[in-house]
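The structure appears right after this line, and notes come after that.
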Protein chains: 2
Amino acid sequence: MVLKQQMENHIPTNQEIAIKLSRYGLKITPQRVAVLGALIKLCHHPSAEDIFREVVQVIPGLSQATVYNTLDVLVQRGIASKIATSTGVMRYDLIEQPHHHLFDETNSRIEDYYDPELDQILKMYFSKKKIKGFVPLEIKLHVIGAFRDNVV
Amino acid sequence: MVLKQQMENHIPTNQEIAIKLSRYGLKITPQRVAVLGALIKLCHHPSAEDIFREVVQVIPGLSQATVYNTLDVLVQRGIASKIATSTGVMRYDLIEQPHHHLFDETNSRIEDYYDPELDQILKMYFSKKKIKGFVPLEIKLHVIGAFRDNVV
DNA sequence: TTTTAAATTAGATTTATTATTATTAAAAAA
DNA sequence: TTTTTTAATAATAATAAATCTAATTTAAAA
Ligand SMILES: [Mn+2]
Ligand SMILES: [Mn+2]
Ligand SMILES: [Zn+2]
Ligand SMILES: [Zn+2]
């Protein structure tokens with residue numbers, strides 16, 4: 001059995017990233033490949049600035065605007081999503097499978113939470129309970145709390 | 001039977017608002033009374049600017065900083081909460097009973113959603129399912145979708 | 001009434017993000 | 001391959017929400 005950790009942490013090559021961009025009808029540029037690569041690498045919901053700092057090391061002339069433009073494009077195409085935070089700084093998230101988020105506001109940490117059982121429960125609930133005058137498209141749990149390392 | 005609508009829409013007097021402020025150990029000022037009053041009146045999750053526009057009509061010399069300061073104080077004391085939105089503008093919410101939110105991103109509309117049955121389901125789920133290394137404090141559903149007036 | 005700690009104000013400042021536009025480069029067409 | 005077209009990027013300016021600063025005012029305790 002392969003550990004989940006190892007499976008998720010497969011680092012795609014630039015080639016593979018480029019293919020992903022074309023699959024979504026996007027022009028391949030070194031900037032886009034690097035930004036998407038950084039979004040994959042910095043897997044814990046980086047800000048635009050986090051991504052800029054990472055990518056500018058490889059592409060020294062990089063403009064901040066390009067990072068914002070590219071992230072916008074990725075969000076538009078459904079490759080990434082944007083998370084609004086209580087500090088007013090946006091964070092970005094690769095969309096692989098839908099998942100919920102755990103927020104620790106003391107250290108701005110955001111982690112994924114996924115449990116098919118929970119989704120089943122929510123699906124059941126919302127299929128039964130109709131909301132008057134509202135068509136739900138996406139149901140996300142925001143769990144605010146505290147990460148406690150050393151505590152199971 | 002009194003309609004839920006009518007019960008909720010009772011507009012408190014400045015006197016009542018002032019009492020609420022003192023109960024939370026806050027100094028009573030005309031600015032604070034008016035800001036909290038506006039937060040109650042503009043019941044659909046106003047922004048700081050929405051509140052400023054409302055209150056400056058009554059207190060012409062009002063400073064924007066006072067609105068931000070007051071809202072911060074209300075959030076700190078647990079009277080109000082702050083909602084981060086996808087546009088980067090914060091919205092404010094009077095805390096009466098805990099509830100979830102319906103977001104329509106096409107028109108920035110945010111509405112409350114409350115169903116004790118749902119909370120019971122979530123409570124059950126999280127009491128059974130422990131999240132490793134994370135202590136949850138607040139569980140909120142963010143339902144993104146579209147309000148459809150004229151559609152039930 | 002006097003005192004004092006806290007609140008308010010005006011304005012400057014910060015900072016994430018967006019807009020503008022000239023330049024450059026990707027990839028389609030010839 | 002070369003040309004052409006279209007879109008992306010870079011540099012920089014602009015925007016706007018929110019925060020900070022410091023002088024002034026005020027609420028309420030003494
Ligand atoms: Mn949220
Ligand atoms: Mn901003
Ligand atoms: Zn995520
Ligand atoms: Zn609400």
Side-chain angles (χ1 to χ4, degrees), chain A residues 14-15 17-36 38 45-53 55-77 79-92 105 108, chain B residues 14-15 17-36 38 45-53 55-56 58-77 79-92 108:
Chain A
N14 285 351
Q15 188 57 249
I17 292 171
I19 289 166
K20 177 158 193 167
L21 289 170
S22 356
R23 264 200 290 113
Y24 282 88
L26 295 176
K27 219 175 243 188
I28 295 160
T29 67
Q31 290 87 346
R32 283 179 172 175
V33 171
V35 166
L36 181 50
H45 313 93
S47 65
E49 206 207 315
D50 292 333
I51 290 173
F52 177 81
R53 274 203 308 271
V55 175
V56 78
Q57 296 178 72
V58 169
I59 302 177
L62 182 73
S63 169
Q64 310 235 68
T66 299
V67 174
Y68 281 101
N69 287 341
T70 303
L71 289 170
D72 279 353
V73 167
L74 296 180
V75 170
Q76 282 172 42
R77 300 297 169 115
I79 301 169
S81 69
K82 208 176 175 180
I83 305 169
T85 69
S86 59
T87 62
V89 180
M90 297 292 168
R91 305 272 290 264
Y92 293 85
E105 299 193 340
S108 298
Chain B
N14 285 351
Q15 186 59 246
I17 292 171
I19 289 166
K20 177 156 192 168
L21 289 170
S22 354
R23 267 201 289 110
Y24 282 88
L26 295 175
K27 219 174 246 188
I28 295 159
T29 68
Q31 290 85 349
R32 282 180 175 175
V33 172
V35 166
L36 181 50
H45 312 93
S47 64
E49 206 207 314
D50 292 333
I51 290 173
F52 177 80
R53 274 202 308 270
V55 175
V56 80
V58 170
I59 302 176
L62 182 72
S63 168
Q64 309 235 67
T66 299
V67 174
Y68 282 103
N69 287 341
T70 303
L71 289 170
D72 278 353
V73 166
L74 296 180
V75 170
Q76 282 171 43
R77 300 298 170 115
I79 302 169
S81 70
K82 206 177 176 181
I83 305 169
T85 69
S86 60
T87 62
V89 181
M90 297 294 168
R91 306 273 289 264
Y92 293 85
S108 298

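Since the structure is predicted, the reported quantities are computational estimates derived from the model, not experimental observations. First the proteins, then the strands, lettered A, B, ... as listed; each starts at 1.
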In terms of heavy-atom contacts, Leu62(B) and Phe52(B) come closest through O-CE1, 3.4 Å
Nearest heavy-atom pair of Tyr92(A) and Ser47(A): which atoms, and what distance?
CD1-C, 4.4 Å
Separation of Ile59(A) atom CD1 from dA25(C) atom C1', in whole Å?
13 Å
Just how far, in rounded Å, is C1' of dT15(D) from CD of Glu49(B)?
13 Å
Gap separating the CD1 atom of Ile19(A) from the CG atom of Asn14(A), nearest 0.5 angstrom
11.0 Å
Which of residues 61-68 of chain B have a heavy atom under 4.0 Å from DNA chain C?
Gly61(B), Leu62(B), Ser63(B), Ala65(B), Thr66(B)
Report the distance from atom CG of Asn14(A) to atom P of dA26(C), rounded to the nearest whole Å.
14 Å
Which pair of heavy atoms, one from Ile51(B) and one from Ala38(B), lies closest together, and at what distance?
CG2-CB, 4.1 Å
Test of understanding: with salt bridge (Lys or Arg N to Asp or Glu O under 4.0 Å), list the residues that count as partners of Arg53(A), not counting sequence neighbours.
Glu49(A), Asp50(A)
Please report the shortest heavy-atom distance between Ala18(B) and Ser22(B), naming the atom on each side.
O-OG, 2.8 Å
Side chains of Val55(A) and Val67(A) in contact at under 4.5 Å (non-hydrogen atoms):
no
From CD1 of Ile83(B) over to P of dA17(D), roughly how many Å is that when rounded to an integer?
17 Å
side-chain hydrogen bond (donor to acceptor under 3.5 Å, both in side chains) partners of residues 80-91 of chain B, not counting sequence neighbours, each pair once
Thr85(B)-Thr87(B)
Review item, side-chain donor-acceptor pairs of residues 24-32 of chain A, under 3.5 Å, at least two apart:
from     : atom 1 : to       : atom 2 : distance (Å)
Thr29(A) : OG1    : Arg32(A) : N      : 3.0
Arg32(A) : NH1    : Lys27(A) : O      : 3.0

Whole-Å distance separating the CZ atom of Arg77(A) from the P atom of dA7(D):
11 Å
Figure out the CG/C1' separation between Asn69(B) and dT25(D), and round it to whole Å.
15 Å
Whole-Å distance between dA16(D) P and Phe52(B) CZ?
16 Å
End-to-end bend of the helix from dT1(C)-dA30(D) to dA30(C)-dT1(D) (five-pair axes, 10° rounding)?
30°
When rounded to the nearest 0.5 angstrom, what is the spacing between CG in Leu21(B) and CG in Leu74(B)?
7.0 Å
Looking at residues 26-36 of chain B, who's got a heavy atom less than 4.0 Å off DNA chain C?
Lys27(B), Thr29(B), Gln31(B), Arg32(B)
Rounded to whole Å, how long is the line connecting atom OH of Tyr24(A) with atom C1' of dA8(D)?
21 Å
